[in-house]
Amino acid sequence: MKESNESNKKNEFEKELDDLKEWEENQYNPGYYIGTGRIPEPIKGVGKYPFIQIIIGLIILIPIIIAIIDETDVLNIISFIIPAIIGLSLIYGGIIKLINMKKIRKGNKLH
């Protein structure tokens, strides 16, 4: 049973890679149907893993933290406002997803 589950995951992953490759090769070909305009599955799948989202947010915030510690100019710190908002929103979204996932798992265990 475990072996079958692993092969299904591998086949699904390979299909996602093939879909992404087709999309990359044909995204600019006029008239070529590459899907319904939705986000490609491998990219959309990142939302399923909130830890990745939190790590990306932290990576974005690292230069801001370094700039504040080095006491750089106010103008330099102001230039970090948009990346700071993006990084904080990624971290916040990842934490909210983690909390919701734990609530769902806890709810499933009770039933």
Side-chain angles (χ1 to χ4, degrees):
M1 183 77 163
K2 185 178 180 181
E3 190 173 307
S4 173
N5 192 16
E6 289 178 9
S7 68
N8 285 341
K9 285 184 180 180
K10 185 177 179 183
N11 290 339
E12 182 180 326
F13 181 70
E14 288 176 357
K15 182 184 177 305
E16 289 177 359
L17 285 179
D18 290 341
D19 290 345
L20 183 60
K21 184 177 179 184
E22 179 183 6
W23 178 76
E24 286 176 346
E25 291 174 352
N26 297 301
Q27 63 182 331
Y28 298 113
N29 292 342
Y32 188 88
Y33 181 75
I34 55 172
T36 59
R38 295 181 300 190
I39 299 172
E41 288 297 323
I43 296 170
K44 191 165 83 173
V46 171
K48 296 178 185 176
Y49 307 103
F51 286 115
I52 295 174
Q53 192 173 351
I54 293 170
I55 290 170
I56 292 171
L58 289 173
I59 290 172
I60 292 172
L61 288 178
I62 288 173
I64 298 165
I65 294 168
I66 292 172
I68 292 171
I69 290 172
D70 286 346
E71 299 176 8
T72 58
D73 300 356
V74 174
L75 292 176
N76 287 341
I77 293 175
I78 290 173
S79 67
F80 286 122
I81 289 175
I82 292 176
I85 292 170
I86 293 170
L88 290 172
S89 64
L90 284 171
I91 292 170
Y92 176 76
I95 291 171
I96 295 298
K97 285 181 186 177
L98 280 174
I99 292 170
N100 289 337
M101 287 172 64
K102 287 184 180 182
K103 285 181 183 177
I104 290 170
R105 286 183 188 150
K106 205 179 263 189
N108 288 339
K109 288 181 181 179
L110 294 175
H111 295 293

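In this text, all values refer to a predicted model and were calculated from it rather than measured experimentally. Just so it is clear, the values below take in all heavy atoms, side chains as well, and ignore hydrogens, waters and symmetry mates.
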Name of the residue among I96, I55, L61 meeting side-chain contact (heavy atoms from CB on, under 4.5 Å) with I91
L61
Heavy atoms only: give me the nearest P50-M101 pair and the separation to one decimal.
CG-SD, 3.6 Å
Establish whether L90 and I52 are linked, either directly or via other cluster members, by ILVMFWY side-chain heavy-atom contacts under 4.5 Å.
yes
Group every Ile, Leu, Val, Met, Phe, Trp and Tyr by side-chain heavy-atom contacts under 4.5 Å, then state whether I59 and I69 land in the same group.
no
Within-4.5 Å side-chain heavy-atom neighbours: E22 and D18:
no
Among I54, I60, I56, side-chain contact (heavy atoms from CB on, under 4.5 Å) partner for L58
I54
